[in-house]
Amino acid sequence: MSEVRLRFAPSPTGYLHVGGARTALFNWLLAKKEQGKFILRIEDTDVARSTQESVDAILEGMRWLGLDWDEGPFFQSENFPLYKEFAAKLLAQGKAYKCYCTAEELEAKREKALASGSKPKYDGTCRSLNADIPGKPYVVRFKAPHEGVTAFDDLVKGPISFNNEELDDLIIQRSDGTPTYNFTVVVDDVSMAITTVIRGDDHVNNTPRQILLYEALGCPVPQFAHVPMILGADKSRLSKRHGATSVMAYRDMGFLPEAMVNYLVRLGWSYGDEEIFSLDELIDKFSIETVGRSAGVFNPDKLLWLNAHYIKTGDPQRLAELLAPFLAERGVNAGRGPNLVAVIRTLQERSRTMLEMADGAVFYYRDTFVYDPQAVDKFLKPDVVPLFEQVRDRLGKLDDFSHQGIETVIKGICDERGIKMGQLGPPIRVALCGGTTSPSIYEVIEVLGKDATLNRITRALEFVRSHV
RNA sequence: GUCCCCAUCGUCUAGCCCGGCCCAGGACACCGCCCUUUCACGGCGGCGACGCCGGUUCAAAUCCGGCUGGGGACGCCA
């Protein structure tokens, strides 16, 4: 049994979007699972719309997700001679012909057909022309059969068949000599010995044409797997108006790649009741046959939930690296101040994104933050002065500056004074953090350290005294 | 318009191939309670679906047909 060879073949006309990322992921997973090869091919035959920035963006997205490729990236723009050769071969064999109809003529016919309610397909004017008209521009058309049926067994959709009369003679080479999509895909999939084509649903209609091309070329037809599209909340094709569609935009919003991967794979695929999958687990459990047949709605809430899960269970050290750019954006220098890993530990279970975590971490690194006015009205009142003085005093004398030691001190003060934690905790929180929400104050005090804690208590004391 | 595909809670889905264990299970979201110094985490509970109509059968979410609805494709784009 020969090895399976799969490919992801994006066209570089934009960034890597979530739909593309998902088909890339499925290809990658199947290749890994079957211990085959995963090939990256850039479909840049449309020179006008392809850009280097898009190529870079796509590669960056793939790398971020952890989808490495075994071969490539190959560029179709470098294969033009090959396509020409194949086109010439079909021409020589009478399986293709030169068509001299102009784009304008074709456009007019198409509109007319559409208006009259029939299927807009090429009428075959030049099909039997059989003449060379020197000097006149022409395209090369594939001579498709007009009778019979072209069928294939889709790995996810099952049997699909088309009546050949629905097909027309597609252009395989433009008048400028460049090849078109349906032709380059076939030529490349043949020359790269692709065994399985996993691609978006929107390509099923191209499949019979391509199969006919494989047959005309005398090449084996690969297996096809058409994965359903991703829809927006209104069930229409996912687009920018539904929110971010760029994979990298999610990184910038503080999402972890493993959350993105996990979300994408579960959109249209499942493994019993399991929700959480690592890349390694997926390689073991994934199978293309169990991918669902219907389109799925992109649900940002679930992505968020998965992201929260991975942040919660993630390695703080790694999270620290991922958090760095977000902190930098906020002008925070984590090199000075509390230990970043310790800070992160206090934030992991209350952050759904790295962005939220960054926001939650800022106070640790700012000694002179502005107190939240509402919090001041509620908690920084004159009666906290003796409390704060005692806290400062006790904490100052504390040797065991651990969560446990700190908690004992704070609770001890509550007991001595006969007050509830609810009367002491919130004011301390405002003094230390500036607002009313933060991690446990024991953790905050511990992470802040004795000096910073005492300084902040003192500062709050001064604030209260001067505002009476 | 023509062709192709799809159809279980609001959303992602299990179950469907090999009818009965399903008055349909899980997850997200939402609501309530508990935990609690805040915000969260967590725990417990609740709300909530087999699109419709026929057929086959002792029995249908599961099989068949039609309808309706949704999506996609119809380019010298990919």
Side-chain angles (χ1 to χ4, degrees), chain A residues 9-13 43-46 48-50 76 99 101-103 106-107 110 113-121 137-141 154 157-158 160-163 165-168 170-182 184-185 199-208 226 228-229 231 233 235-237 263 266-276 292-306 308 312 347-352 356 360 375 379 410-411 414 420-430 433 435-442:
Chain A
S11 70
T13 53
E43 311 224 317
D44 57 349
T45 51
D46 185 348
R49 293 201 306 152
S50 300
Q76 291 191 320
C99 170
C101 298
T102 66
L106 295 172
E107 183 54 33
R110 185 165 24 247
L114 231 26
S116 72
S118 59
K119 198 174 175 93
K121 48 180 209 174
Y138 64 87
V139 298
V140 177
R141 279 185 190 274
D154 195 279
K157 302 253 181 199
I160 299 178
S161 69
F162 292 80
N163 283 116
E165 62 183 343
E166 298 296 333
L167 278 24
D168 63 356
L170 80 162
I171 294 171
I172 61 177
Q173 191 178 101
R174 304 185 184 98
S175 50
D176 65 359
T178 59
T180 58
Y181 167 74
N182 278 111
T184 58
V185 190
R199 72 209 332 182
D201 221 350
D202 47 342
H203 284 292
V204 307
N205 292 279
N206 286 325
T207 308
H226 288 96
M229 315 243 68
L231 276 24
K235 302 253 187 184
S236 70
R237 192 178 181 142
Y263 178 70
R266 272 289 284 109
L267 210 195
W269 174 83
S270 62
Y271 191 81
D273 287 340
E274 290 183 40
E275 294 287 350
I276 307 297
R293 294 160 302 284
S294 53
V297 174
F298 188 83
N299 182 349
D301 278 332
K302 188 137 188 184
L303 207 208
L304 207 48
W305 174 76
L306 281 163
K312 208 180 309 161
L347 263 12
Q348 276 181 284
E349 61 182 26
R350 61 198 87 231
S351 308
R352 293 180 301 174
E356 285 183 7
F379 300 114
I410 302 294
K411 286 200 166 146
C414 284
K420 297 273 206 175
M421 190 55 204
Q423 293 169 262
L424 182 55
I428 292 179
R429 169 168 293 105
V430 180
C433 314
T436 52
T437 76
S438 82
S440 154
I441 57 168
Y442 306 128

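Every chain is numbered from 1, with letters handed out A, B, ... down the list of sequences. Side chains included, hydrogens not; waters and symmetry mates left out as well; all remaining heavy atoms used. Small disclaimer: the values here were computed from a predicted structure and weren't measured.
Between E274(A) and T178(A), the residue anchored nearer the 5' end of RNA chain B, judged by the nucleotide with its closest heavy atom, is E274(A). Of the residues near RNA chain B, P10(A) and G158(A), the one whose nearest nucleotide (by heavy atom distance) lies more toward the 5' end is G158(A).
When the P atom is compared between rG42(B) and rA29(B), the two are found 9 Å apart, to the nearest whole Å. Rounded to whole Å, the C1' atom of rG19(B) lies 10 Å from the corresponding atom of rA61(B). Using atom P as the reference point in both rG25(B) and rC33(B), the two lie 25 Å apart (nearest Å). rA60(B) and rU8(B) have their C1' atoms separated by 14 Å, given to the nearest Å. Here, rC53(B) and rG71(B) have their C1' atoms 23 Å apart, quoted to the whole Å. Rounded to the nearest Å, the gap between the C1' atom of rC30(B) and that of rG69(B) is 27 Å. A distance of about 15 Å separates the C1' atoms of rU62(B) and rA49(B), rounded to the whole Å. As rounded to the nearest Å, rC39(B) and rG48(B) have P atoms that lie 30 Å from one another.
Pair assignment for rG48(B): none, as no Watson-Crick or G-U wobble contacts are both less than 3.5 Å. Base pairing annotation: rG54(B) forms a Watson-Crick or G-U wobble pair with rC64(B), both donor-acceptor distances under 3.5 Å. Pairing for rA59(B) is absent, judged as Watson-Crick or G-U wobble with the two contacts each under 3.5 Å. Base-pair partner of rC35(B): not found among the strands shown (Watson-Crick or G-U wobble, both distances under 3.5 Å). Across all strands shown, the partner of rC74(B) is rG1(B), judged by Watson-Crick or G-U wobble contacts whose two distances both fall under 3.5 Å. If you check rA27(B) for Watson-Crick or wobble pairing at under 3.5 angstrom, you find it paired to rU11(B).
Across all strands, L267(A) comes closer than 4.0 Å only to sugar-phosphate atoms, never to a base (heavy-atom distances). At the heavy-atom level, T45(A) lies under 4.0 Å from the strands shown only through sugar-phosphate atoms. Across all strands shown, S294(A) has heavy atoms under 4.0 Å from sugar-phosphate atoms exclusively, and none from any base. In this structure, P439(A) reaches the bases: a heavy-atom distance under 4.0 Å links it to at least one base atom across the strands shown. P120(A) comes within 4.0 angstrom of a nucleotide base, judged by non-hydrogen atoms across all strands. Heavy atoms of S270(A) sit under 4.0 angstrom from primed sugar atoms or phosphate atoms, though from no base atom. The residue Y442(A) sits close to a base: some heavy atom pair falls under 4.0 Å. If you check every strand for non-hydrogen atoms under 4.0 Å, T436(A) touches a base. E166(A) comes within 4.0 angstrom of the backbone, heavy atoms only, and of no base. Contact annotation for G360(A): no contact, since no heavy-atom pair falls under 4.0 Å across all strands.
Ranking rC39(B), rC76(B), rU38(B) by closeness to the R350(A) side chain, first place goes to rC39(B). Residue I160(A) places its side chain closer to rC5(B) than to any other of rC5(B), rU37(B), rG26(B). Minimum atom distance to the side chain of S440(A) is reached by rU37(B), of the listed rG25(B), rU37(B), rA40(B). Out of rC76(B), rC12(B), rU37(B), the shortest distance to the side chain of R266(A) is found at rC12(B).
Between Y271(A) atom OH and rU13(B) atom C1' there is a gap of 16 Å when expressed in whole angstrom units. In this entry the distance linking CZ of F162(A) with P of rC4(B) reads 7 Å, nearest Å. As rounded to whole Å, 19 Å separates atom P of rU11(B) from atom CH2 of W305(A). K312(A) has its NZ atom 14 Å from the C1' atom of rC39(B), to the nearest Å. Protein atom NZ of K121(A) is 10 Å distant from nucleotide atom C1' of rC3(B), rounded to whole Å. The CG-C1' distance, from L303(A) to rC12(B), rounds to 12 Å in whole Å. Taking atom CZ of R352(A) as the reference point, atom C1' of rC28(B) lies 12 Å away to the nearest angstrom. rA40(B) atom P lies 18 Å from atom CD1 of I441(A), rounded to whole Å.
Listed for the Y263(A) side chain is no donor-acceptor partner under 3.5 Å among the backbone atoms of W305(A).
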Handout entry: Nucleotide-resolved protein contact map, nucleotides 45-52 of chain B, B/S/- at heavy-atom distance under 4.0 Å
Key = --------
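If you run side-chain contact (heavy atoms from CB on, under 4.5 Å) between Q173(A) and each of V139(A), T180(A), V140(A), only V140(A) comes through.
Judged by atom type and distance alone, T180(A) does not reach the base of rC76(B) through any side-chain donor-acceptor pair under 3.5 Å. Residue-to-nucleotide contacts include no donor-acceptor pair under 3.5 Å from the side chain of E349(A) to the base of rG42(B).
Counting heavy atoms from C-beta outward, T436(A) and P426(A) have side chains that stay 4.5 Å or more apart. Counting heavy atoms from C-beta on, the side chains of K411(A) and Y442(A) come closer than 4.5 Å. Side-chain contact between I276(A) and L306(A) is present, with heavy atoms from C-beta onward closer than 4.5 Å. Residues S11(A) and D46(A) form no side-chain contact, since every pair of their non-hydrogen atoms from C-beta on lies 4.5 Å or further apart. The shortest distance between side-chain heavy atoms of T207(A) and F162(A) does not fall below 4.5 Å.
The distance from atom CD of Q423(A) to atom NZ of K420(A), rounded to the nearest 0.5 Å, is 8.5 Å. Between atom OG of residue S161(A) and atom CG of residue D154(A) there is a gap of 12.5 Å, rounded to the nearest 0.5 Å.
For rC74(B), the glycosidic angle deviates from 0 by more than 90°, giving an anti base.
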Practice task
Quick one: do I410(A) and M421(A) satisfy side chain to side chain contact (heavy atoms under 4.5 Å, CB included)? Show the steps, please.
Solution key: CA-CA 8 Å; I410(A) 302 294; M421(A) 190 55 204; 3.7 Å; yes
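Phosphate proximity of rU36(B) to R429(A): absent, as no side-chain N or O sits under 4.0 Å from OP1 or OP2. Side-chain nitrogen and oxygen atoms of R110(A) include at least one within less than 4.0 Å of the OP1 or OP2 phosphate oxygen of rG75(B).
With hydrogens and angles left out, the side-chain atoms of R429(A) and S438(A) include a donor and acceptor closer than 3.5 Å.
Between D201(A) and K157(A) a salt bridge is recorded (basic side-chain N to carboxylate O distance below 4.0 Å).
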Set out, line by line, the N/O atom pairs under 3.5 Å between protein and nucleotides 67-73 of chain B.
{"from": "rG72(B)", "atom 1": "O3'", "to": "R237(A)", "atom 2": "NH1", "distance (Å)": "3.4"}
{"from": "rG72(B)", "atom 1": "N2", "to": "N205(A)", "atom 2": "OD1", "distance (Å)": "3.3"}
{"from": "rG72(B)", "atom 1": "N2", "to": "N205(A)", "atom 2": "ND2", "distance (Å)": "3.4"}
{"from": "rA73(B)", "atom 1": "OP1", "to": "R237(A)", "atom 2": "NH1", "distance (Å)": "2.8"}
{"from": "rA73(B)", "atom 1": "O4'", "to": "N205(A)", "atom 2": "ND2", "distance (Å)": "3.1"}

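Around atom CZ of R199(A), more than 12 heavy atoms belonging to other residues, nucleotides or ligands sit under 6.0 Å away.
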